[in-house]
Number of protein chains: 2
Amino acid sequence: MSKAIDKAYARIRSGIVSGELAPGQHLKEEELAELCDVSRTPVRDALRQLEADYFVERRDNQRVFVASWTEDDIDDIFELRAMLEGFAAGRAAEHITQGQLIQLRHHHEAIVKGVGANGLIDSDVFLENNRAFHRLIWDAARSARLAAMLQRLVEQPVVMRTLVTYGAKDLARSISQHDEILDALSHGDRAWANAAMTSHILHAQRVYHSAAAEQVAAQ
Amino acid sequence: MSKAIDKAYARIRSGIVSGELAPGQHLKEEELAELCDVSRTPVRDALRQLEADYFVERRDNQRVFVASWTEDDIDDIFELRAMLEGFAAGRAAEHITQGQLIQLRHHHEAIVKGVGANGLIDSDVFLENNRAFHRLIWDAARSARLAAMLQRLVEQPVVMRTLVTYGAKDLARSISQHDEILDALSHGDRAWANAAMTSHILHAQRVYHSAAAEQVAAQ
DNA sequence: TGGTTAAATATTGTATACTTTTTTTGCGCA
DNA sequence: TGCGCAAAAAAAGTATACAATATTTAACCA
């Protein structure tokens with residue numbers, strides 16, 4: 001793809017995810033152009049894409065601001081994800097191929113094997129295989145629109161900032177849930193796959209809240 | 001909003017909906033600029049937005065094409081709508097205000113009163129009030145993300161091209177369903193509202209298919 | 001004749017200058 | 001002092017020229 005637009009998109013996006021560009025902050029095209037070392041034209045293009053991805057908001061008179069969110073947004077996203085991923089898993093149960101099932105098992109086993117004696121796992125190994133596992137199911141659901149919705153939802157800055165590392169017990173449960181989802185998909189059982197996936201996401205929501213509560217307590 | 005971008009967006013979009021710009025057709029920025037009587041810059045901005053709205057697709061090397069779709073896409077969209085609108089109605093049951101209920105009843109009654117002695121209704125009256133009815137429920141669901149998803153889904157060109165005018169029997173059922181949804185919302189009954197709305201959308205899907213079958217038969 | 005490459009052409013990407021719109025600043029008057 | 005209006009400044013919108021890239025065409029060689 002085009003150089004300058006990608007450069008601008010990546011730079012601004014990472015600035016938002018890292019917090020360098022604070023929520024609510026007004027983004028001026030010229031400032032961003034300087035920051036990204038490109039002209040205003042690719043910055044404008046990048047801002048349009050960031051707007052579609054909900055990283056920035058266009059308010060009043062075409063002024064662009066970093067999207068801001070509340071705790072409610074996090075619950076909102078989890079709720080929507082639970083429904084959409086459940087739905088995707090259900091559809092996947094009816095459409096998944098043998099090849100996709102093999103790939104899914106591969107990612108699942110990579111996570112299982114990554115668990116150490118202490119019951120924990122390297123964060124990168126988990127994140128990468130977990131991500132691949134879920135995306136394969138989106139693909140298997142055979143709805144480009146559904147996949148696009150989930151993609152946008154999962155890549156929300158508020159989600160990317162709240163990556164939580166699982167404790168031993170929660171990790172074990174998550175693995176067990178993946179195993180169950182695999183089982184449901186193998187049997188082509190739509191309702192089971194849907195329920196197992198929904199449960200999986202809602203569990204993740206609980207883990208997030210526990211972690212958030214601990215952080216507050218530690219302060 | 002800005003003049004030229006809106007002009008370009010509206011012109012290109014209506015061209016796609018009307019079929020003047022055929023599915024799969026390669027859209028060249030200069031041609032569009034001439035068509036819309038603006039320069040390439042606002043055309044580019046408009047194309048970014050149309051891309052986010054799935055009206056056009058960016059392929060291989062940044063070339064933009066009118067999105068093409070199949071019969072499967074229509075079913076896909078109906079299925080997603082059934083789920084999302086059902087979910088929205090369920091959430092709305094828990095959040096809707098008295099004021100919103102009053103507005104909903106207003107739109108509902110406008111449709112009821114619009115039905116003539118032959119059991120039919122003026123298409124514009126129905127479309128406008130039906131649209132307002134559904135959007136009010138999206139708002140009442142209190143999730144900007146969910147509303148945005150539904151908005152994009154409903155405004156798909158393939159949906160806008162397949163507006164079906166209801167026959168007397170289907171119109172009567174649709175009105176009855178709206179009445180039921182209102183009842184469920186008034187009672188704050190999440191499960192009921194969800195089920196009633198899901199049913200309403202799936203009925204619309206059947207109506208669409210019947211109409212499509214008739215058109216084929218008439219050829 | 002068929003395929004490969006290079007030149008020409010078409011199309012998109014980028015920068016910049018200029019225009020329009022919006023916001024801010026500051027001055028005058030009540 | 002506080003309000004309102006006007007002028008100035010800032011920011012976004014638009015057009016255009018030029019650069020880079022991709023696609024097509026044509027020619028040459030095997």
Side-chain angles (χ1 to χ4, degrees), chain A residues 1-16 19-68 144 148 155 157, chain B residues 1-16 19-68 144 148 155 157:
Chain A
M1 212 159 112
S2 55
K3 260 191 321 229
I5 295 175
D6 284 348
K7 193 173 168 183
Y9 181 88
R11 182 69 187 83
I12 298 168
R13 182 175 149 149
S14 85
I16 291 173
E20 178 192 353
L21 303 171
Q25 182 179 336
H26 177 203
L27 296 178
K28 294 164 199 165
E29 293 181 357
E30 264 178 298
E31 278 180 19
L32 294 176
E34 201 178 348
L35 176 73
C36 305
D37 195 31
V38 297
S39 80
R40 271 179 59 211
T41 312
V43 166
R44 285 174 62 84
D45 277 6
L47 285 178
R48 290 271 173 215
Q49 288 183 232
L50 288 162
E51 189 188 354
D53 296 338
Y54 305 112
F55 275 66
V56 302
E57 285 171 4
R58 221 166 264 273
R59 284 212 285 268
D60 30 56
N61 296 290
Q62 297 299 98
R63 294 163 94 90
V64 170
F65 299 82
V66 177
S68 52
E155 291 205 341
Chain B
M1 211 158 113
S2 55
K3 259 191 319 230
I5 295 175
D6 284 348
K7 192 173 168 183
Y9 181 89
R11 182 69 188 81
I12 298 168
R13 181 174 149 149
S14 86
I16 291 173
E20 177 192 354
L21 303 171
Q25 182 179 336
H26 177 202
L27 297 178
K28 294 164 200 166
E29 294 180 358
E30 263 177 300
E31 277 181 20
L32 294 176
E34 201 178 349
L35 176 74
C36 306
D37 195 32
V38 297
S39 80
R40 271 179 58 212
T41 310
V43 166
R44 286 174 62 85
D45 277 6
L47 285 178
R48 291 269 173 216
Q49 287 182 234
L50 288 162
E51 189 189 353
D53 296 338
Y54 306 113
F55 276 66
V56 301
E57 285 171 5
R58 222 165 263 273
R59 284 212 286 267
D60 30 56
N61 296 291
Q62 299 298 98
R63 296 162 93 91
V64 170
F65 299 82
V66 177
S68 51
E155 292 204 340

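Here the structure is a predicted model, which is why all the values come from computation and not from measurement. These values consider heavy atoms only, across backbone and side chains, with no hydrogens, waters or symmetry-generated copies. Letters A, B, ... are given to chains in the order of the sequence lines, protein chains preceding strands, and every chain is numbered from 1.
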What heavy-atom pair brings [X] and [Y] nearest, and what distance separates the two atoms?
X	Y	answer
A/Gln25	A/Glu20	OE1-O, 4.1 Å
B/Phe55	B/Ile16	O-CD1, 3.7 Å
A/Ala148	B/Tyr54	CB-OH, 3.2 Å
A/Arg44	B/Ile5	NH2-CD1, 4.0 Å
A/Ser68	A/Pro23	CB-CB, 3.7 Å

### Task
Run the salt-bridge test on B/Lys28 and B/Glu30 with the 4.0 Å N-O cut-off and return the result as yes or no.
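So B/Lys28 does not pair with B/Glu30 through a salt bridge.
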### Query
Going by number, which of residues 23-41 of chain A have a non-hydrogen atom under 4.0 Å from DNA chain D?
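Contacts with DNA chain D under 4.0 Å: A/His26, A/Leu27, A/Lys28, A/Glu29, A/Arg40.
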#### Entry: Residue whose nearest DNA chain C nucleotide is more 5′ - A/Pro42 or B/Arg63
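Looking at the nearest nucleotide for each, B/Arg63 comes out on the 5' side.
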### Message
I want to verify a distance call: between D/dT14, D/dA12, D/dA22, whose nearest atom is closest to the B/Ala4 side chain?
### Response
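That would be D/dT14.
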### Query
Would you call B/Leu47 and B/Leu32 a side-chain contact if the rule is heavy atoms closer than 4.5 Å?
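Sidechains of B/Leu32 and B/Leu47: in contact.
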### Query
A/Glu155 versus A/Asp53: any side-chain heavy-atom pair under 4.5 Å?
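Result no, sub-4.5 Å side-chain heavy-atom pair not found.
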Roughly how many Å is it from [atom1] in [X] to [atom2] in [N], rounded to a whole number?
X	N	atom1	atom2	result
B/Arg44	D/dG13	CZ	P	15 Å
A/Lys3	D/dA20	NZ	P	8 Å
A/Asp45	D/dA12	CG	C1'	14 Å

### Query
Could you give the start and end, 5' to 3', of the contact zone on DNA chain C for chain B, using atoms under 4.0 Å from its heavy atoms?
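Nucleotide range in contact with chain B: C/dT11 to C/dT21.
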